[in-house]
Amino acid sequence: MLTGSSRFRREGTDSMTAIATTDALPAQSARTAFEPVEDVVRAFVVATMFWGVAAFLMGVVIALQLAFPLLNLDLEWTSFGRLRPLHTSAAIFAFGGNALLGTSIHVVQRTCRARLFGGDLMGWFLFWGYQLFIVLAATGYLLGVTQSKEYAEPEWYVDLWLTLVWVAYLVAFAGTLMKREEPHIYVANWFYLAFILTIAMLHIVNNLAVPVSPFGTKSYILFSGVQDAMVQWWYGHNAVGFFLTAGFLGMMYYFIPKQADRPIYSYRLSIVHFWSLIFLYIWAGPHHLHYTALPDWAQTLGMTFSIMLWMPSWGGMINGLMTLSGAWDKLRTDPALRFSVTAVAFYGMSTFEGPVMSIKPVNGLSHYTDWTIGHVHSGALGWVAFIVFGAVYYLVPVLWRRPALYSTRLVSWHFWIATVGIVLYITAMWVSGIMQGLMWRAYDELGFLQYAFVETVAAMHPFYLIRALGGLCFLVGSLIMVYNLRMTVRGAAVTADGAIRATA
């Protein structure tokens with residue numbers, strides 16, 4: 001394997017682009033000079049943190065509702081059934097979606113040395129159009145206007161609007177790639193483009209529906225029965241695979257090299273990682289339907305491809321971690337880089353645990369239990385949120401032309417508080433989930449179930465409290481981040497003696 005500068009030179013000018021392009025000012029070279037669209041990226045960064053805090057707060061609320069049912073307040077708008085999809089979509093589509101749109105617009109311009117196709121007008125349409133989608137979806141959740149499909153709750157009128165925004169997003173991203181000044185397409189853009197294209201396909205097929213009335217909110221899905229379930233989990237698993245994995249891998253392939261000031265460990269490995277991940281992930285959805293009416297061959301196919309996903313996933317993890325070869329000392333001085341590297345470690349852990357849980361005997365124990373909740377949050381908090389935090393900590397000084405963050409000490413505090421929160425959360429759910437599965441399948445000597453369902457709920461109460469505490473830690477960490485970023489934008493800095501001085 002090539003290492004150091006020799007690999008950097010030989011593996012393509014696209015690797016050079018990601019590392020050599022100066023982010024502090026509009027990128028320039030001897031060949032071209034351009035003014036990137038940045039105001040829109042700033043807006044996406046602000047929206048990312050706003051919706052992130054809202055999603056984490058809602059997560060704490062619904063975690064407490066499970067521990068203390070009285071907190072449902074006997075109101076339909078504040079019930080767990082209404083707030084849970086609100087939290088899920090806020091975390092995935094509001095927090096994660098704004099991060100993906102903002103970083104992809106930033107990355108594609110810098111690595112292509114080309115202004116966003118459509119310019120500021122296209123950028124602002126994407127921003128406000130996406131925020132409108134979030135608001136329309138959220139109000140639907142609270143009012144009970146949903147399709148009741150996991151990760152796809154919004155009704156037809158919201159789906160149509162998102163389709164329009166997403167097509168504009170594809171046009172803007174692909175158009176920028178087509179007018180690029182760089183001869184190569186940097187690998188981060190491969191992952192971003194795959195995420196955009198696949199999510200478009202998944203969204204359209206899974207949301208094929210017939211409205212009851214053009215002036216009403218209700219619609220009926222085109223599919224029914226086991227076909228509907230199969231399409232839903234083809235969509236659901238690949239929403240995880242492409243929205244929460246491929247898109248954020250694009251983030252990893254750009255921001256870790258930038259933060260570490262090192263080229264990607266292996267550009268060739270990144271291409272192998274890309275094609276194998278893209279081919280395998282799309283087939284893995286049926287493992288969500290083990291022991292159901294889905295044909296057994298389809299269940300086995302989903303399990304097989306899920307197990308095969310170990311290889312490309314860990315290839316990407318190794319590529320991300322080994323990019324720090326010769327720069328591990330930066331972890332001591334750059335706490336923002338710790339977020340990105342720890343995110344890659346969580347990515348490796350989650351992509352090991354997921355295939356294990358897809359194996360039928362394991363799935364028979366884990367499915368429908370809190371183990372699944374722990375697994376999802378190890379990926380959502382450890383991988384998705386941490387890679388976003390690392391990227392945002394890098395972007396804010398760049399976008400607002402600040403020499404550094406307001407306080408690296410606060411970044412360290414955020415890192416450790418959030419990490420403790422994740423550990424509390426996922427370990428509590430692991431223990432609770434395995435206990436649930438074992439209690440549900442326990443029989444006495446007469447062949448009757450040993451535990452009533454309410455007894456399993458009572459046994460989980462202390463673990464629900466621990467989960468709520470973990471979520472609260474994560475929320476506190478995000479509030480520390482918001483304060484740190486706000487002070488950075490204002491142009492303040494912490495001096496050696498702890499005093500605050502202006503830098504702008």
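The shown structure was predicted, so the numbers you read here are calculated from the model rather than taken from an experiment.
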Peer 1: Output, in order, the C-alpha distance, side-chain angles, deciding distance and verdict of side-chain contact (heavy atoms from CB on, under 4.5 Å) for F133 and V165.
Peer 2: CA-CA 9 Å; F133 153 69; V165 173; 5.7 Å; no
Peer 1: Taking all atoms of both residues into account, what is the closest heavy-atom pair of A47 and N98, and its distance?
Peer 2: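 That would be CB-OD1, 3.6 Å.
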Peer 1: Any chance you could lay out the side-chain hydrogen bond (donor to acceptor under 3.5 Å, both in side chains) test for Y393 and S340, step after step, and finish with the verdict?
Peer 2: CA-CA 10 Å; Y393 274 128; S340 299; over 6 Å; no
Peer 1: N189 and Y253: side-chain donor and acceptor closer than 3.5 Å?
Peer 2: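 Checked: N189/Y253 side chains show no N/O donor-acceptor pair below 3.5 Å.
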Peer 1: Under the ring pair (Phe, Tyr, Trp, His ring centres under 6.0 Å) test against F195, which residue among F274, W190, W166, F242 passes?
Peer 2: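 One option only clears the test, and that one is W166.
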Peer 1: Quick one: does L277's side chain get under 4.5 Å of S313's, heavy atoms only?
Peer 2: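 Answer yes - side chains close enough.
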Peer 1: Classify the side-chain pair Q109/T176 by whether it contains a donor and acceptor separated by less than 3.5 Å.
Peer 2: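 Q109 vs T176: no donor-acceptor pair found between side chains.
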Peer 1: What distance do L100 atom CG and F191 atom CZ have between them, rounded to the nearest 0.5 Å?
Peer 2: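 L100 atom CG to F191 atom CZ measures 13.5 Å (nearest 0.5 Å).
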Peer 1: Can you confirm whether or not the ring centre of F93 sits under 6.0 Å from the ring centre of Y130?
Peer 2: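 No.
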Peer 1: Would you kindly say whether Y169 and S104 are connected by a side-chain donor-acceptor distance under 3.5 Å?
Peer 2: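 Judged by distance alone, the side chains do pair up.
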Peer 1: Would you call the rings of H106 and Y254 parallel, tilted or perpendicular if under 30° counts as parallel and over 60° as perpendicular?
Peer 2: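 Ring orientation, 0 to 90° scale: perpendicular.
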Peer 1: Near W416 CH2, under 6.0 Å, is it more than 12 heavy atoms from other residues, nucleotides or ligands?
Peer 2: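 No, CH2 of W416 has 12 or fewer neighbouring heavy atoms, counting only those of other groups under 6.0 Å.
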Peer 1: Within the structure provided, determine whether I359 and H287 are in side-chain contact (heavy-atom separation under 4.5 Å).
Peer 2: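 A side-chain contact is absent here, since even the closest heavy-atom pair is not under 4.5 Å.
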Peer 1: Closer than 3.5 angstrom, by distance alone: can the side chain of R402 be matched with the main-chain N or O of V489 as a donor-acceptor pair?
Peer 2: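 The answer is yes, because a donor-acceptor pair under 3.5 Å joins these two groups.
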Peer 1: Give a yes or no on whether the backbone of G374 and the side-chain of W430 come within a donor-acceptor separation of less than 3.5 Å.
Peer 2: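 No.
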Peer 1: Take V53 and V482 through the side-chain contact (heavy atoms from CB on, under 4.5 Å) test and state the conclusion after the steps.
Peer 2: CA-CA 9 Å; V53 171; V482 169; 3.8 Å; yes
Peer 1: Looking at side-chain heavy atoms only, is the closest gap between V107 and M251 below 4.5 Å?
Peer 2: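 In short, these two side chains do not touch, never coming nearer than 4.5 Å.
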Peer 1: What verdict does the side-chain contact (heavy atoms from CB on, under 4.5 Å) test give for T427 and V431, after you've listed the backbone C-alpha separation in whole Å, the side-chain angles of each residue and the deciding distance to 0.1 Å?
Peer 2: CA-CA 6 Å; T427 53; V431 175; 5.5 Å; no
Peer 1: If you look at every heavy atom in L485 and V396, which pair is closest and at what distance?
Peer 2: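 Smallest interatomic distance, heavy atoms only, reads CD2-CG2, 3.8 Å.
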Peer 1: So does W283 have more than 12 non-hydrogen atoms from other groups sitting under 6.0 Å from CH2?
Peer 2: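 No, not enclosed.
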Peer 1: If you apply the rule side-chain contact (heavy atoms from CB on, under 4.5 Å), what do you find for S358 with N363, and how did you get there?
Peer 2: CA-CA 6 Å; S358 75; N363 191 269; 5.8 Å; no
Peer 1: Between T48 (side chain only) and A99 (backbone N and O only), is there a donor and an acceptor less than 3.5 Å apart?
Peer 2: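 Judged by distance alone, yes, a pair lies under 3.5 Å.
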Peer 1: Using the benzene-type ring in the case of Trp, are the ring centres of F474 and H377 under 6.0 Å apart?
Peer 2: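 When the ring centroids of F474 and H377 are compared, they turn out to be at least 6.0 Å apart.
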Peer 1: Give a yes or no on whether the backbone of P85 and the side-chain of T88 come within a donor-acceptor separation of less than 3.5 Å.
Peer 2: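 Here the side-chain-to-backbone pair does not exist.
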Peer 1: What distance separates Y186 OH from Y192 OH, expressed to the nearest 0.5 Å?
Peer 2: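 Atom-to-atom, Y186:OH and Y192:OH are 10.5 Å apart.
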Peer 1: Look only at the side chain of S89 and the backbone of L86, and say whether a donor-acceptor pair between them is shorter than 3.5 Å.
Peer 2: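 Side chain of S89 to backbone of L86, a donor-acceptor pair under 3.5 Å: no, none is there.
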Peer 1: Can you tell me if R441 uses its side chain to pair, donor with acceptor, with the backbone of G364 under 3.5 Å?
Peer 2: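 Yes: the side chain of R441 pairs with the backbone of G364.
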Peer 1: Look only at the side chain of E150 and the backbone of G236, and say whether a donor-acceptor pair between them is shorter than 3.5 Å.
Peer 2: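 The answer is no, because no donor-acceptor pair under 3.5 Å joins these two groups.
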Peer 1: Closest heavy-atom contact between P397 and Y394?
Peer 2: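 Heavy atoms only, the tightest pair is CD-O, 3.4 Å.
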Peer 1: With a 3.5 Å distance limit and no angle check, can you tell me whether R113 reaches the backbone of R110 through a side-chain donor-acceptor pair?
Peer 2: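 Not confirmed, R113 side chain does not pair with R110 backbone.
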Peer 1: Distance check, rounded to the nearest 0.5 Å: E38 atom CD versus L116 atom CG?
Peer 2: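 The distance works out to 12.0 Å.
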Peer 1: How many angstroms lie between atom CD of Q299 and atom NE2 of H290, to the nearest 0.5 angstrom?
Peer 2: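 Going from the CD atom of Q299 to the NE2 atom of H290 covers 6.5 Å.
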Peer 1: Side-chain polar contacts of residues 464-472 - donor-acceptor pairs under 3.5 angstrom, sequence neighbours left out - could you list them?
Peer 2:
| residue | atom | partner | partner atom | Å |
| --- | --- | --- | --- | --- |
| Y464 | OH | D370 | OD2 | 3.3 |

Peer 1: Looking only at heavy atoms, what is the nearest atom pair of E353 and S378, with distance?
Peer 2: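 In this case the closest contact between E353 and S378 is OE1-OG, 3.8 Å.
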Peer 1: Ring centres of F346 and W383 under 6.0 Å apart?
Peer 2: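 No; W383 has its ring centre 6.0 Å or more from that of F346.
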Peer 1: Is a salt bridge present between R332 and D329, judged by a nitrogen-to-oxygen distance below 4.0 Å?
Peer 2: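 Here R332 does not pair with D329 in a salt bridge, since their nearest N and O are not under 4.0 Å apart.
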Peer 1: Distance alone, cut at 3.5 Å: any donor-acceptor contact between the side chains of T245 and Y347?
Peer 2: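 Their side chains do not contain a donor-acceptor pair, so the 3.5 Å distance test is not met.
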Peer 1: Check whether the side chains of Q436 and W371 place a donor and an acceptor atom closer than 3.5 Å, and report yes or no.
Peer 2: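 No, W371 and Q436 have no side-chain donor paired with an acceptor closer than 3.5 Å.
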Peer 1: Between F305 and W234, is the gap from one ring center to the other below 6.0 Å?
Peer 2: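 No, they do not, as the ring centres are separated by 6.0 Å or more.
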Peer 1: Heavy-atom count check: over 12 atoms from other residues, nucleotides or ligands less than 6.0 Å from W413 CH2?
Peer 2: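 Count not over threshold, so no.
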Peer 1: Are the side chain of Y406 and the backbone N or O of Y483 linked by a donor-acceptor pair below 3.5 Å?
Peer 2: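 The answer is no, because no donor-acceptor pair under 3.5 Å joins these two groups.
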Peer 1: Do P286 and M230 make a side-chain contact, defined as non-hydrogen atoms from C-beta onward lying under 4.5 Å apart?
Peer 2: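 Answer yes - side chains close enough.
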Peer 1: Between CE of M317 and NE2 of H273, what distance do you get to the nearest 0.5 Å?
Peer 2: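 So the gap between those two atoms works out to 10.0 Å.
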Peer 1: Considering only heavy atoms from C-beta outward, does the side chain of S412 approach that of F415 to under 4.5 Å?
Peer 2: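 They are not in contact (no side-chain heavy atoms under 4.5 Å apart), so the answer is no.
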Peer 1: Taking the side chain as every heavy atom from C-beta outward, state whether H461 and L66 have any atom pair closer than 4.5 Å.
Peer 2: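 Not in contact.
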Peer 1: Compute the centroid of each ring, for Y151 and then for H203, and state whether the two points are separated by less than 6.0 Å.
Peer 2: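 Here the rings of H203 and Y151 have centres that are no less than 6.0 Å from each other.
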Peer 1: Taking atom types as modelled, find out whether N206 and Q232 have a side-chain donor-acceptor pair closer than 3.5 angstrom.
Peer 2: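 Present: a donor and an acceptor within the cut-off.
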Peer 1: Is there a side-chain contact between L244 and I92, using heavy atoms and a 4.5 Å cut-off?
Peer 2: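 A side-chain contact exists here, since the closest heavy-atom pair is under 4.5 Å.
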Peer 1: Run the ring-centre check on H414 versus F339 and record whether the distance is less than 6.0 Å.
Peer 2: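 Centroid separation for H414 and F339: below 6.0 Å.
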Peer 1: Determine whether E182 and C112 make a side-chain contact, defined as any pair of heavy atoms from C-beta on separated by less than 4.5 Å.
Peer 2: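 No. Closest side-chain heavy atoms not under 4.5 Å.
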Peer 1: Distance only, no hydrogens: is a donor on one side chain within 3.5 Å (strictly under) of an acceptor on the other, for S325 and Y265?
Peer 2: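 On atom types as modelled, these side chains do not qualify, holding no pair under 3.5 Å.
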Peer 1: Could you grab the distance from atom CG of N319 to atom CE of M252, nearest 0.5 Å is fine?
Peer 2: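 Nearest 0.5 Å value for the CG-CE distance: 6.0 Å.
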Peer 1: Is the distance from the ring center of Y281 to that of H237 below 6.0 Å?
Peer 2: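 Yes: the rings meet the under 6.0 Å criterion.
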Peer 1: Quick check against the 3.5 Å criterion: does R42 have a side-chain atom that pairs as donor or acceptor with the backbone of L399?
Peer 2: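 Such a contact is found between R42 side chain and L399 backbone.
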Peer 1: Grab the two heavy atoms, one from E153 and one from Y141, that are nearest each other, plus how far apart they are.
Peer 2: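 That would be CB-CE2, 3.2 Å.
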Peer 1: Can you name the one residue among W51, F56, F44, F50 that meets ring pair (Phe, Tyr, Trp, His ring centres under 6.0 Å) with F95?
Peer 2: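 Going through the options one by one, the only one that passes is F56.
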Peer 1: What are the two closest non-hydrogen atoms of I282 and N238, and how far apart are they?
Peer 2: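 Heavy atoms of I282 and N238 come nearest at CA-OD1, 3.1 Å.
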